[in-house]
**Q** 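Sharing a structure, written as structure tokens. Questions coming.
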Number of protein chains: 2
Amino acid sequence: MTELFLEERNCDTCPIRHRAVCSKCEADELELLDSIKYYRTYDAGQPVVWAGDEMDFVASVVSGIATLSQTMEDGRTQMVGLLLPSDFLGRPGRAIAPYDVTSNSDLTLCCFRRKPFEKLLQDTPSIAQRLLEMTLDELDAARQWMLILGRKTAREKIASLLIIIAQREASLRKRRPTDGSSFELPLTREAMADYLGLTLETVSRQVSALKRDGIIELEGKRLVTVPDFEALMAETGDDSDGGLPV
Amino acid sequence: MTELFLEERNCDTCPIRHRAVCSKCEADELELLDSIKYYRTYDAGQPVVWAGDEMDFVASVVSGIATLSQTMEDGRTQMVGLLLPSDFLGRPGRAIAPYDVTSNSDLTLCCFRRKPFEKLLQDTPSIAQRLLEMTLDELDAARQWMLILGRKTAREKIASLLIIIAQREASLRKRRPTDGSSFELPLTREAMADYLGLTLETVSRQVSALKRDGIIELEGKRLVTVPDFEALMAETGDDSDGGLPV
DNA sequence: TCTGCCACTTGATCCGGATCAAAGTGGCCC
DNA sequence: GGGCCACTTTGATCCGGATCAAGTGGCAGA
């Protein structure tokens with residue numbers, strides 16, 4: 001949903017670099033970006049930053065999955081953000097990370113040192129504007145998520161999450177999700193539970209129930225096939241138009 | 001938390017106008033702002049816009065309370081935003097309102113027609129930057145809210161909401177909340193329930209319980225006094241440092 | 001003063017999801 | 001090939017908050 005400066009087809013490294021090449025931005029931006037960027041990789045399950053840490057970079061997800069989460073003293077955790085390739089991590093002007101960031105798979109980030117990136121933002125209104133766009137998208141997603149957390153049943157929550165993942169995977173490929181398409185669940189049952197404000201047992205039970213009812217098919221534990229998107233959509237409790245325009 | 005261009009002490013009309021006067025922005029901005037702004041007032045309970053409507057303005061809350069909410073087909077409602085004076089409403093570049101906006105009290109908005117405002121944004125990086133700041137604040141608030149919705153007990157939810165309201169009221173007055181301070185609850189029990197993903201009965205019970213336990217005092221139904229902020233904070237389940245830096 | 005309404009409180013019961021417990025599955029290292 | 005470990009499923013029971021229901025208090029309007 002939030003693709004920063006990206007046209008996916010041609011971008012094999014850093015999303016920002018690509019956009020700098022392909023449109024809107026001038027050549028010297030590209031050079032500046034090149035001069036301040038670097039790549040980092042993380043293993044599955046590895047922390048990227050802890051809440052409260054100083055974060056001296058912002059980054060764009062190149063490949064893999066990362067999550068933002070908050071943990072209470074007694075260990076209850078709530079995921080508050082899900083970062084897929086092309087999503088943006090970090091906040092210009094803010095040194096302290098407000099959430100734990102964790103890689104949920106092998107993860108590659110394209111990082112920019114924060115100070116030069118902020119300077120770039122100031123000098124390049126089009127990038128600042130794009131960042132505002134992306135932040136508004138994130139805010140929409142967060143608010144849609146709030147409806148899920150506050151008012152939906154466990155079954156509706158699972159269905160909603162599956163739809164969200166399917167749509168985001170499809171949009172990475174510049175497609176609409178279609179009947180019969182499959183996707184890999186990028187999250188463990190526990191991570192799904194942390195996303196949805198449930199326990200992992202409830203997630204497991206509801207996934208099994210959706211499978212039993214023929215709404216989804218499962219190959220192994222992670223590969224989901226949706227024979228009929230409308231049927232899955234109907235389980236979310238949302239309006240049939242699919243909620244927010246994306 | 002999100003005070004746009006505002007220094008409250010001197011601002012008796014529109015927040016943006018004031019900031020244009022007092023700092024960062026030049027005189028011609030002020031004139032442009034003056035030329036595109038206008039005021040609107042709403043009665044308590046009146047809709048400001050419906051989700052899906054075209055919204056041809058952005059606005060700043062001058063006085064009163066407004067809420068953003070989403071409603072499912074079957075009537076379940078989740079509040080996704082709470083707008084206090086100085087908060088910003090609307091999204092440059094986006095014509096369609098994604099949520100219902102409702103006034104929860106007599107409400108005055110300082111509105112800007114969207115197109116000229118967008119032009120102003122493009123021409124005035126400092127305003128664009130400020131808007132990004134505010135959007136990031138809103139995103140933080142939304143994510144804190146997600147933790148409340150997903151993982152907290154009813155009692156913790158109520159305590160968290162009281163703290164949030166107390167802090168925001170205090171910050172409008174440029175103060176920190178102190179022991180013994182009072183504030184008016186700007187929401188009905190039902191609106192609180194919609195905020196917290198509870199029913200109004202549960203809200204009522206938990207407010208009564210906090211009162212019974214001496215954590216809060218109530219005068220009438222709406223006027224809350226907090227004898228000991230630490231004690232209330234302890235009921236939220238958050239770290240003692242009060243969560244996010246604000 | 002009475003009436004009706006609205007916001008709220010309180011009580012009784014129910015149920016969905018949490019919790020506690022025990023197996024089952026599969027990937028991978030030796 | 002064996003065994004371990006992380007992840008998942010399934011079962012039994014419990015409990016917090018929803019639901020259904022009744023009652024209170026304040027206040028606007030007749």
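Proteins get letters first, then strands, A, B, ... in listed order; numbering begins at 1 in each.
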**Q** Send over the distance from L200(A) CG to dC20(C) P, rounded to a whole Å.
**A**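 L200(A) atom CG is separated from dC20(C) atom P by 13 Å.
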
**Q** Shortest non-hydrogen contact from L196(B) to I158(B)?
**A**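 Closest approach of L196(B) to I158(B): CD1-CD1, 3.6 Å.
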
**Q** In whole Å, what is the span from the NZ atom of K221(B) to the C1' atom of dG25(D)?
**A** 6 Å

**Q** Rounded to whole angstrom units, what separation is found between the CG atom of L218(A) and the C1' atom of dC7(D)?
**A**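 After rounding, the gap between these two atoms is 14 Å.
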
**Q** First locate atom CD of E169(A), then atom OG of S182(A), and finally report the distance between them rounded to the nearest 0.5 Å.
**A**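 Answer rounded to 0.5 Å: 10.5 Å.
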
**Q** Do the side chains of D137(B) and R94(A) get close enough for a salt bridge, i.e. N-O under 4.0 angstrom?
**A** yes

**Q** Can you give one letter per nucleotide of nucleotides 11-19 of chain C, 5' to 3': B if a protein heavy atom sits under 4.0 Å from the base, S if only from the sugar-phosphate, - if neither?
**A** BB----SSB

**Q** Tell me which pairs pass salt bridge (charged side-chain N to carboxylate O under 4.0 Å, His left out) where either residue lies in residues 145-159 of chain B, with sequence neighbours left out.
**A** R76(A)-E156(B), D194(A)-R151(B), K152(B)-D238(B), R155(B)-D213(B), R155(B)-E235(B)

**Q** Let me check the geometry of the helix from dT1(C)-dA30(D) to dC30(C)-dG1(D). What is the bend angle between the axes at its two ends, five pairs each, to 10°?
**A**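 That helix gives 30° between its end axes.
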
**Q** For T188(B), report the nucleic acid contact type (base, sugar-phosphate, nothing); a contact means any heavy atom under 4.0 Å.
**A**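 Contact class for T188(B): sugar-phosphate only.
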
**Q** To the nearest angstrom, how far is R212(A) atom CZ from dT8(D) atom P?
**A**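 About 19 Å, once rounded to whole Å.
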
**Q** Touch check for R222(A), heavy atoms < 4.0 angstrom, all strands: base, sugar-phosphate only, or nothing?
**A** sugar-phosphate

**Q** So, taking the atom named SG in C110(B) and the one named CG in L89(B), what distance separates them when rounded to the nearest 0.5 Å?
**A**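 One finds 11.5 Å between SG of C110(B) and CG of L89(B).
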
**Q** Verify the distance criterion only: is there a donor paired with an acceptor across the side chains of T77(A) and T71(A) at less than 3.5 Å?
**A** no

**Q** Decide yes or no for L187(B) and L82(B): does some side-chain heavy atom of the first lie under 4.5 Å from some side-chain heavy atom of the second?
**A**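 They are in side-chain contact.
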
**Q** Rounded to the nearest 0.5 Å, what's the gap from CD on Q206(A) to CG on L210(A)? Could you check?
**A**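 Rounded to the nearest 0.5 Å, the CD-CG separation comes to 7.0 Å.
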
**Q** Whole-Å distance between dC8(C) P and I158(B) CD1?
**A** 12 Å

